[in-house]
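FYI, side chains are in, hydrogens and waters are out, and symmetry mates aren't considered; it's all heavy atoms of this structure. These numbers come from a predicted model, not from an experiment.
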Amino acid sequence: MDVFNVTDQDGNKVTDEGVLDYIRKSLGPESCFASSMRSVGVIQSMDHTTLELSGTDRPGLLSEVSRVLAILKCNVVGAQVWTHNTRAASVMHITDEETGLAITDPERLASIKKSVCNVLKGSIKSKGSRTVVSHTGTHPERRLHQMMFADRDYDRVKDESVLDDKQRPDVNVVNWYDKDYSVVTIRSKDRPKLLFDTVCTLTDMQYVVYHANIDAEGPEAYQEYYIRHVDGSPVKSDAERQRVIQCLEAAIERRISEGLKLEICTTDRVGLLSDVTRIFRENSLTVTRAEVTTKAGKAVNTFYVREASGNPVDSKTIESIRQEIGQTILKVKGTPEDFNPGSQESPTRFLFGGLFKSRSFVNFKLIRSYS
C-alpha cells in the first residue's frame with residue numbers, strides 16, 4: 001500500500017472536488033496505468049501532432065526552430081523545453097495553420113522533420129541531433145526525461161559547471177546485503193515534481209522501487225528508495241553505482257530553473273512563439289527552460305531566460321522587451337537572486353529526522369557501503 005500526504009502548489013490542503021476526482025480517476029482501475037502497455041501516460045490524440053527534438057543547446061535555438069515551424073505554416077499550441085549540461089530537448093504540439101488540426105500528410109511531415117533537423121544540426125559542434133514526429137499524446141515531461149537520458153546528458157562536460165556544489169543534490173547508493181536491496185538516498189532542495197522526476201528516472205533505468213520514505217517538511221527534501229534491478233539484483237558494481245548517482249543528479253537538475261522567469265499571456269496566433277523568442281534573441285537572452293500552453297484561444301507562455309554571456313538580466317533589457325511585446329502582456333515573476341540556494345541546514349538534519357520519522361534502516365547501520 002502506498003500512502004501520500006499531498007498539498008496544492010501553495011502548500012494548502014487539497015479541497016477542490018474536481019482535482020480530487022481527477023486524482024481518483026487517474027489512479028483508479030480505469031486509468032491508463034492499469035493498461036498492459038509499458039509506456040506511462042500514453043493516450044491517442046488527433047488534435048495535434050507531437051514533435052520531439054533533441055540536440056546540442058546553443059543561444060537562439062528555440063527561436064530558430066519556432067521560426068522554421070511558422071514558415072512551414074505550423075502553429076505551436078503547446079511545448080515543453082528543457083536544457084541541461086549543453087543538451088536541449090523539447091516536446092512540441094503543433095497543428096496545421098489552416099485547419100487547426102493534427103498534420104497527417106506523410107510528405108509534409110517528412111519536410112517538417114527534415115527542416116527542423118537541419119536547424120538542430122546548425123553547429124559543426126552539434127552531436128546526436130534527433131527529430132521524431134508522432135500522433136500519440138505522450139506525457140511531455142516523462143518523454144523529456146527519457147529523451148535527455150537517452151542523450152546522456154548525465155555525462156559531465158569538462159570545465160562545464162551545471163550547478164555549484166551547494167545546489168547539486170546529494171545522492172548516495174549503498175547495498176543492504178541481508179535483503180538484497182540497494183538503498184538510494186537523496187537530499188536536495190524541495191520543489192514541485194521532485195518525486196516525479198526521481199521515480200521516472202529510476203523506472204527508465206530499469207529499477208523497481210520496493211519501499212520508499214519521503215520527508216519534504218521544510219525547504220529541503222529527503223528521499224530514500226529500496227530498489228532492485230528488474231532482473232532482481234541490487235546494484236552490482238561501483239561503475240553501476242556511479243551511473244545511478246549521475247542519472248539521478250541530472251534528473252533533479254533538469255527542472256531547476258536558472259535565470260529570470262517571464263510570463264506572457266495573450267491571444268494565441270500563428271507565429272507567436274517565433275516572434276517572442278526572436279525578441280529574446282535580439283536582446284541577447286537565451287532560454288534555459290520554457291512551457292507553452294494554449295487554452296480557449298489564449299496562450300500562456302512561461303520562459304526562464306538569462307543573458308547569453310552568463311550575466312544577470314539587466315532591467316533595461318526587460319524594459320526594452322516590454323516595449324516590443326506589450327506592457328500588460330509580459331509579467332516578470334522573479335529575479336535571478338530568487339533562484340540562489342538558501343542557507344544550508346546542518347548535514348545531520350536528515351540523519352536524525354529519518355531516524356525518528358521514517359525509521360530508516362540506513363540509520364541503524366544495517367547496510368554496508370562499497371567502501
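Using a 3.5 Å distance cut-off with no hydrogens or angles, the side chains of S66 and T277 do pair a donor with an acceptor. A donor and an acceptor atom, one from each side chain of N172 and T185, are nowhere located under 3.5 Å apart. Side-chain contact annotation: Q246 with R243, donor-acceptor N/O pair under 3.5 Å absent. No donor-acceptor contact under 3.5 angstrom links the side chains of Y222 and E220, judged on distance only. Under the 3.5 Å distance criterion, with hydrogens and angles disregarded, a donor-acceptor pair is assigned to the side chains of S182 and N175.
Residue R87 is tested with D155, D151, D153 for a salt bridge (Lys or Arg N to Asp or Glu O under 4.0 Å); the sole match is D151. Just one of L109, I112, T95 meets the side chain to side chain contact (heavy atoms under 4.5 Å, CB included) condition when paired with T49; it is L109.
By the 6.0 Å and 45° rule, R228 stacks over the aromatic ring of Y181.
The pair D231-K236 meets the salt-bridge criterion, since a charged nitrogen lies less than 4.0 angstrom from a carboxylate oxygen. R168 and E253 are joined by a salt bridge, as a carboxylate oxygen and a charged side-chain nitrogen come within less than 4.0 angstrom of each other. A salt bridge links R255 with D197; the closest basic N to acidic carboxylate O contact falls under 4.0 Å. Checked for salt-bridge contact, R142 and D204 meet the test: a charged N lies under 4.0 Å from a carboxylate O. Under a 4.0 Å N-O distance rule, the pair K295/D268 does not qualify as a salt bridge.
With sequence neighbours excluded, the residues that form a salt bridge (charged side-chain N to carboxylate O under 4.0 Å, His left out) with E64 are R58.
Heavy atoms only, all atoms of each residue included: A88 and T83 are closest at CB-CG2, 4.1 Å. Here the shortest heavy-atom pairing between V14 and V19 reads CG1-CG1, 3.9 Å. Here the closest heavy-atom approach between residue V235 and residue R241 is recorded as CG1-N, 3.6 Å. Scanning all heavy atoms of the two residues, the minimum distance from L120 to S54 falls at CD1-O, 3.8 Å. Nearest heavy-atom pair across L72 and R108 is O-NH2, 3.1 Å. When all heavy atoms of I318 and L330 are compared, the pair lying nearest together is O-CD2, 4.4 Å.
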Determine whether E141 and K193 satisfy the following criterion, salt bridge (Lys or Arg N to Asp or Glu O under 4.0 Å), listing intermediate values before the conclusion. CA-CA 10 Å; E141 294 171 345; K193 301 186 179 181; 2.9 Å; yes

Side chain to side chain contact (heavy atoms under 4.5 Å, CB included), that's the test. Do I321 and F280 meet it? Break it down for me. CA-CA 7 Å; I321 294 174; F280 289 162; 4.0 Å; yes

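One distance of note links CD1 of I252 with CD of E249; it measures 8.0 Å at 0.5 Å rounding. Put simply, OG on S274 and CD1 on I71 are 7.5 Å apart, with the number rounded to the nearest 0.5 Å. Annotation: the span from C247 atom SG to Q242 atom CD amounts to 11.0 Å, rounded to 0.5 Å.
Shown here is Q327, whose CD atom has more than 12 heavy atoms of other residues, nucleotides or ligands within 6.0 Å. Within 6.0 Å of CD on E319 lie more than 12 heavy atoms contributed by other residues, nucleotides or ligands. Within 6.0 Å of atom CZ in R67, 12 or fewer heavy atoms from other residues, nucleotides or ligands are found, so the atom counts as exposed in its surroundings.
Not a single donor-acceptor pair under 3.5 Å links the side chain of S284 to the backbone N or O of E307.
Residues V270 and I264 do not share a hydrophobic cluster, clusters being chains of Ile/Leu/Val/Met/Phe/Trp/Tyr side chains in contact below 4.5 Å. Residues L273 and V300 do not share a hydrophobic cluster, clusters being chains of Ile/Leu/Val/Met/Phe/Trp/Tyr side chains in contact below 4.5 Å. In terms of hydrophobic clustering, with Ile, Leu, Val, Met, Phe, Trp and Tyr side chains grouped at heavy-atom distances under 4.5 Å, L61 and L272 are assigned to a common cluster. Grouping the Ile, Leu, Val, Met, Phe, Trp and Tyr side chains by contacts below 4.5 angstrom, directly or via other members, places V77 apart from L62.
Between F196 and H145, the ring planes are tilted. Angles from 30° to 60° get that label.
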